[in-house]
Amino acid sequence: MSIDLPVLKPADFGSDQDVRWCPGCGDYSILAQMKKALVAIGDPRENTVFISGIGCSSRFPYYMNTYGMHSIHGRAPAFATGLKVCRPDLKVWVITGDGDALSIGGNHLMHAIRRNVDINIVLFNNRIYGLTKGQYSPTSETGKITKSSPIGSIDNPLTPLSLAMGCGASFVARSIDVNIKHLGQTLLRASAHKGTSFVEVYQNCNIFNDGAWKYATDRETKTDNLIELEHGKPLIFGKDRDKGIRLNGITPEVVELGKGISEDDLLFHDEKSSEPSLAFLLSRLRQPEFPEAIGVFRDIEMPVYDEGVNQQVDQEQAANSDATLDELFNSGTTWNVE
Amino acid sequence: MSIDLPVLKPADFGSDQDVRWCPGCGDYSILAQMKKALVAIGDPRENTVFISGIGCSSRFPYYMNTYGMHSIHGRAPAFATGLKVCRPDLKVWVITGDGDALSIGGNHLMHAIRRNVDINIVLFNNRIYGLTKGQYSPTSETGKITKSSPIGSIDNPLTPLSLAMGCGASFVARSIDVNIKHLGQTLLRASAHKGTSFVEVYQNCNIFNDGAWKYATDRETKTDNLIELEHGKPLIFGKDRDKGIRLNGITPEVVELGKGISEDDLLFHDEKSSEPSLAFLLSRLRQPEFPEAIGVFRDIEMPVYDEGVNQQVDQEQAANSDATLDELFNSGTTWNVE
Amino acid sequence: MSTTTTPEKVTGATIRFAGDSGDGMQLSGTQLTNTSALAGNDVATFPDYPAEIRAPRGTRAGVSGFQVQIAAEEIFTPGDQLDTLVVMNPAALVTNIEDLKTGGTLVVNEDSFEGKDLRLAKLDESPLDDPGLDEYRVIKIKMTLLTRTAVEELGLSTKLADRCKNFFAMGFVYWLYNRDLQPTLDFIQAKFGGMPDIAEANEKSLKAGFNYGETTEAAISTYQVDQAALPEGRYRNMMGNQALAIGCIAAAKLSDRDLFLGSYPITPASDILHELSKHKKYGVRTFQAEDEIAAVCSTIGAAFAGHMAMTTSSGPGIALKGEAMGLGMILELPMLIINVQRGGPSTGLPTKTEQSDLYQAMFGRNGESPLPVVAPQSPSDCFAMAIDAWRIAATFMCPVIILSDGYIANGAEPWKIPDFDSLEKIEITHPAPREDGDPAFLPYARDENLARPWALPGTKGLEHRIGGLEKAAETGNVSYDPDNHQAMCELRQEKIDRIADFIPPQEVFGPEKGDLLVLSWGGTYGACRTAVTHAQAAGASVAHAQLRYLNPFPSNFEEILNNYDKVLIPELNLGQLKTLIQAKYLIECVGLNKVKGRPFAIVEIEQRIAELTR
Amino acid sequence: MSTTTTPEKVTGATIRFAGDSGDGMQLSGTQLTNTSALAGNDVATFPDYPAEIRAPRGTRAGVSGFQVQIAAEEIFTPGDQLDTLVVMNPAALVTNIEDLKTGGTLVVNEDSFEGKDLRLAKLDESPLDDPGLDEYRVIKIKMTLLTRTAVEELGLSTKLADRCKNFFAMGFVYWLYNRDLQPTLDFIQAKFGGMPDIAEANEKSLKAGFNYGETTEAAISTYQVDQAALPEGRYRNMMGNQALAIGCIAAAKLSDRDLFLGSYPITPASDILHELSKHKKYGVRTFQAEDEIAAVCSTIGAAFAGHMAMTTSSGPGIALKGEAMGLGMILELPMLIINVQRGGPSTGLPTKTEQSDLYQAMFGRNGESPLPVVAPQSPSDCFAMAIDAWRIAATFMCPVIILSDGYIANGAEPWKIPDFDSLEKIEITHPAPREDGDPAFLPYARDENLARPWALPGTKGLEHRIGGLEKAAETGNVSYDPDNHQAMCELRQEKIDRIADFIPPQEVFGPEKGDLLVLSWGGTYGACRTAVTHAQAAGASVAHAQLRYLNPFPSNFEEILNNYDKVLIPELNLGQLKTLIQAKYLIECVGLNKVKGRPFAIVEIEQRIAELTR
Ligand SMILES: Cc1ncc(C[n+]2csc(CCOP(=O)(O)OP(=O)(O)O)c2C)c(N)n1
Ligand SMILES: Cc1ncc(C[n+]2csc(CCOP(=O)(O)OP(=O)(O)O)c2C)c(N)n1
Ligand code: SF4
Ligand code: SF4
Ligand SMILES: [Mg+2]
Ligand SMILES: [Mg+2]
């Protein structure tokens, strides 16, 4: 039997609410790519749920014509876990910011990842608290001057992907708001993965932290400052693709190709490695010493939490298909009073 | 001028409160080693503060004749941060359990580590919630049968040291309750480190999870199942010290020494490596595939949070030594009413 | 079963086993309870143990007790003063003796009153030498020695042999109260069947204890407690937490859906998690969350999903849930939030009971955030209350708070087992899918109860977004409109207020008008009901009202309050219900407030009634 | 400054700038405020902006407003109805016009009423064509064009040029109200000095606006507001959050210690963090924590350390702090917990004001957990209240909750600057070190205020452990003793109750006895005081009491309440103070409850007074 399903367009995924981000905000681009990705994914609108915390980024669900919940600050992964455990039939996306996910919400992020709940977490990293008007965030660089750090912040920044690896993440990727094709692809990969997909998106907040990712988005500099990961391929970068990353023992170093160094000498990417050490090492490549990696760092199979829960329930139900409530009521020692 | 300070004995660090752990609990040994370590460290009792959360392990401060706070569940690092920022003159220890630190307290642990607050965190890992009578914890192995997981838990366990590395920890170590010498040494190393020292101690809960670390403590098996890290030394283990860990690319493998493999082929430990990838890799060595590493994984210098805060304050005070409150009151535009 | 002494008939007895935490006193008490219930007695229990897992052996802090009242009439509490106290060591003796009635029976394990035992209990002399013991009927038994001898032939280690002591003690008490050994023998087989040696040792010890009584005629008299005249039916013993768990499963099935529990362990609520995690075959999903916040948030997620969602905790954990409970309130999704109260403030007295989280339940959230609050009155009432609470939640689309307490949670009493089919169904409808041309779905439209529709993700055409910002009436879109905000705040309040007409009217036990109304809520029910019964029998003009619905109050409640000259509110707090009632009805009430981590004794309430009605 | 029209003398004026969030309205309002204050007027402000950082340009949701009342007499609010409204676009016009007095002046930027502007505001026709505008004095100005022309010679981009529009509007209003341009010219130099082009453009625009008024005589009359008769002294403008910050620094210094703030950003409390983080030179340490829980816990750590410790947040964040606040209470350590309230419940209306967290402050913790609660009445009162609160905390060794609100936090008024030396010191003593032979240190011993000693880590011989479990009197060791628990619960309550004798008695404005008492707390002060003043002038028998101490109530409070036939409690909630008062004093009160995210208008209170006193 074949039914003609109406083919949705990206605009069909937009709600009737006015988008209220600042003009020029990187969030617009992510919204646009998400709508396109959903078209490609092809699930009906009603089977998709967006859950967010609080922050500029977390307004996202309001703009999607799917089910959605704009929850409280930092806790979106926990709402998503409850929802997904009960309704494994739904596609659940978590939209969060660097403050929402890594500051107040760090614990829930960590546990969703280690349990490997089948949800897709997209972290809009603008290295600032946007909604509360510009305090430094856990990803802000040390020394950052903001409203709450007038002579520079002291905190060492977190690297979200390293943290995810520390929690045993099964899918980890990074993309950039303005790399629209790459971003779209990355969202599709995240959606295809079974288990927690964790995607960091470099996002520009043009009001409070304009240019935070300039080095990664400027035409001139980006090819030198970014390295695009491809499974099974050597780590090559540079405008002329003439530079690469090589391992010296366990220490990465930048080398120039040619001059006796060939592609085979380079580090080869393996997103399927059962051990996360390579992915961890790649997540530690940071500006200005190294180009920063984008793409899929890790994509492995691992037991999925909500599947496990439902398997146990199904199994117990199958094994006790005749269990009645009266049996439950009457279990243990009972006696009659006449 | 030399003053004869009274030399304290371990018992001097014990309070007058009855120790209320179950007979046979691994916590006793840690308590004993801590008292000895404090003698060796040599600080006066009044300059040491123990802060804990809630759990069997978190009763620890009551048994120490120092300053102490038995706070609320999971939040000890936050109390310690406030204390240390205000009073960098004090030695602050955080005592916590696998539930306290990694379940409810995960976020505070993560942020204390990334800020590198100068505190020593000792995590008693018994892979169970002891105080609440035996539910599985974030370090319990998958499939564990407990009161709250009657047909086996589904959650993937966390590796505390990998998590710490994911947060950019500057000092990370592991020891075992019954390896009393090693434990004592490890506590001393933690104390000597400036910044957050994170120490995981394998601890036996003989009531609810007896034998969880049997493989690492049994006379017969322990030499094969543990590898003791030493800075600058190759990774050798086994009863006859005839086995080692070698890197194959970035993947560790167990090899037998001799048969063409010499010590020089092995992975050498470097706790001072500026990049955490090696320490991360070592933290991923887990039973039964690999021996598990004990000792100091990482010990590097990194900016220390409380120092940074106090430097800014000192600097601002020095630069404005004549600042008066009246100046503060009168700043901005003022006018007189006559 | 025969005995040489002719038993003395009594209408009831209160018995307490007290010993070291490692001595198995909880097991002894539970067995005596079950055996007595099977014998047709009414029973009520009160376990009381230290916060430590194994507080240092032999110390006062390590004493664990289990009290049970068995009776030939309907009872409501585990009893005030003890008829019989069994003590396994000096620490147990000194910490429990004051609860023993003058003339009561004190059974002592003589073997553990050595120097070391005394030292651990911080005693210089043996309390057995205290002349004060003369007021009791003291029965000293060398239990350790006798138990060892009884199991000798099995060749167990001394340590294992000594573990059977509690069965010896039990056996002796069974003899004293003419109990049938069979239920406990069955239990031993069921529990230790896999370890035949242990099973046999326990059996032998139990019988040895019983026989010791019979053979030595240690006591002048034994007792017989006849069957209580409970209503006809099939019964089982039920503990409060267990009843909440089973009640919730029933509620889920009555509303034709699966149950989800998001919880983080905490004393004394954990047993609900433990119990529910056993019932996956009934479609129960339990999620042991990383903390209480994740627990409640996952619960909200599950409610959004369309499940019967619930979260359980105790005071400190509920404090952490406050922010998310506010979200649950403004989202208007149905769910249960169960607080098994314990001694506060802060970490407080984790294993002790108290009723001091009523304020928190009513007011522990930011903004105008009203939620219904209900409180079961006894262990078995937890079953009915769980179903009631879910009925309210589903009908009015709101989280409902259930306030239980440690006393109810761990106490046990006979529960009359209902037929599942006899329970009233909970009808829930979800809006149907819509097609493109259909009118827009309004997620914040209202039905006659002011409830909004519960639209389930996955339903075509009902796509909608919910969140914590103020929402426009009907559409639920974010709205900063001032008048809308006022209207929505009032509407949410009004919705909760209207529940007053949905719940049953308040009942009163005793005269419709009179000098005094004793008003109680939660676990103080038993003590209050009993005290009022006694006072009524003594001729006082006093009635008792047990308030099971705390927010909103029942619709006829004000009228009732006005029917009495005085209102006495006994509470295990410093006057929290009193505050609510005075604020709402401007009726001055008399508080009777106890915060000792223990339930009221009946006599405490009787005394106050006497003072107020004299 | 000269003007061709002779200004009309008025006792005051209420002016609002309204435009797009990007139009710089907050700056315009602030400048007018400062200039007027410098001119000797009393001033009071009310900024009101959307929750989004930049809500979509030109939409109704994106409108940002700043209202200021300037007056020649003492005023207490930013005014009800507007004398002058400046609107920069159609959205601003339609959303603000209803607040303009009949006959009031409407200044319009005519240039932004094009098709696109109308569409963004969801309008089909230009509201300028609405005949309803006839009731106002409408002044249409082509501000965009005029501003562009004014700055033309500087060769700025159109975008930059258009950014100067607000200075043009300001200039025009300065002309209308006879304001001195100099303070704003100075401000421009200070702020934009580094960008000479921008500075010059702003200057030119400001002057152009002023000159436009003068040249075109756009208005029939201009206004002159004379100096207000404020008490003699030196003044500055003070916003509530700023005053709290500076008050806390002062409090720390008055008690001779450094200040620690543990906080997590949240609207509308963040500015306290911002302000304090600037004052490291006064020994202030600010810790931007990972969340509210870490914030309050670090605060407790800092209090243990001996600092003046504080944490700041708003409703949802305070909800998260509940558990730790309970710990702070049982630890009996001094600290301040500041809640700058916003519209609730849940995330609610983050940028709007409300007073709905009083319940939460009083009751939002598990167990019996009383804490003092105080509430400043106005922006400048925040300074005094911070010092008061810390004095209570340090004297009674307890956390103190300060309830501010968004209205106070962002509002500004003149503050009479005190001499630091004239402020009363806060004496704190810490127990001295002890030697080995000295008597044991008792961390829970009590002084005459029932306060325990504040022993600082690092002090020899005072080593002690504190925690959340119930503690034995005096020693502070863990205690499960039932009687001790009751005694400690009562003692902690008693300690807070005794603060009633420490705080000043309640004052009343107006007759000592009478028909009506208007009772207010927090930011409703100004509207209530003004309304009562008016009613008194009209002959009503009405008095006003502003309750600055909410827990405990002042010692003479009951007596005062009994002196009036009726008590009216206007609150920006559904009746929270009313609940507390009725529960405690059994006096029926009349509520006037508004939850619209906005402060009371004076007339709303006047009306209710009239009804109740007629
Ligand atoms: C419990 C609570 N605490 C604090 C806030 C205030 N708050 C809202 S969003 C936010 C941080 C936003 O930063 P981020 O997650 O990076 O999102 P962005 O706005 O940058 O997209 C904060 C602190 C809140 N709403 N709730
Ligand atoms: C807010 C709160 N939630 C839950 C609890 C109950 N609780 C106390 S300790 C604990 C876990 C203890 O596990 P762990 O940290 O591993 O310590 P252990 O007892 O094993 O040493 C829990 C769940 C609590 N006291 N407070
Ligand atoms: S403040 Fe920054 S992150 Fe927020 S909407 Fe504006 S540009 Fe985007
Ligand atoms: S329960 Fe386990 S961890 Fe706790 S005291 Fe006993 S043995 Fe130790
Ligand atoms: Mg951000
Ligand atoms: Mg543990």
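Quick note on labels: first sequence line is chain A, next is B, and so on, each numbered from 1.
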I'd like to check [X] versus [Y] (side-chain heavy atoms, cut-off strictly below 4.5 Å). Are they in contact?
X	Y	value
C:V373	C:M362	yes
D:Y444	D:I466	yes
C:Y480	C:L469	yes

Looking at [options], which has the largest count of heavy-atom pairs under 4.5 Å with chain D?
options	value
C:P482, C:S479, C:A487, C:G317	C:P482
C:G467, C:G343, C:C489, C:A361	C:C489
C:M329, C:E490, C:Q576	C:Q576
C:G348, C:G597, C:P350, C:G326	C:G348
C:T351, C:T347, C:L586, C:N573	C:L586

Best-contacting candidate, [options], against chain C by heavy atom pairs under 4.5 angstrom:
options	value
D:Q486, D:R598, D:Q582	D:Q486
D:E368, D:E588, D:E470	D:E368
D:G364, D:G344, D:A324, D:S314	D:G344
D:A61, D:G315, D:P316	D:P316
D:L580, D:D481, D:L574, D:I293	D:L574
D:S356, D:P345, D:A319	D:P345

Query - Under 4.5 Å from any heavy atom of chain D - which part of C:Q341 - result: neither
Query raised in the report: Do you know the tightest heavy-atom contact between D:L320 and D:E292?
Result: CD1-OE1, 3.5 Å
Report task. Give me the one residue out of C:I300, C:L371, C:T299 that meets side chain to side chain contact (heavy atoms under 4.5 Å, CB included) with C:P399. Result -> C:L371
Between [X] and chain C, which part of the residue has a heavy atom less than 4.5 Å away: side chain, backbone, both or neither?
X	answer
D:N593	backbone
D:I330	side chain
D:Q355	neither
D:L331	neither
D:R492	side chain

Query raised in the report: At what distance, to the nearest 0.5 angstrom, does CG of C:L561 lie from CZ of C:F553?
Result: 8.5 Å
Report task. Go through the steps to decide whether D:D357 and D:R342 satisfy the test salt bridge (Lys or Arg N to Asp or Glu O under 4.0 Å), and finish with yes or no. Result -> CA-CA 9 Å; D:D357 295 345; D:R342 64 189 216 181; over 6 Å; no
Query raised in the report: When you check the gap from the basic side-chain N to the acidic O, do C:E332 and C:K495 get nearer than 4.0 Å?
Result: yes
Query raised in the report: Does the pair C:K594/C:E604 count as a salt bridge with the N-to-O cut at 4.0 Å?
Result: yes
Requested in this report: Run the numbers on D:K321 and D:S313 for side-chain hydrogen bond (donor to acceptor under 3.5 Å, both in side chains), then give the verdict.
Outcome: CA-CA 9 Å; D:K321 293 181 203 274; D:S313 193; 4.7 Å; no
Report task. Answer yes if the ring centres of D:Y359 and C:Y359 are under 6.0 angstrom apart, and no otherwise. Result -> no
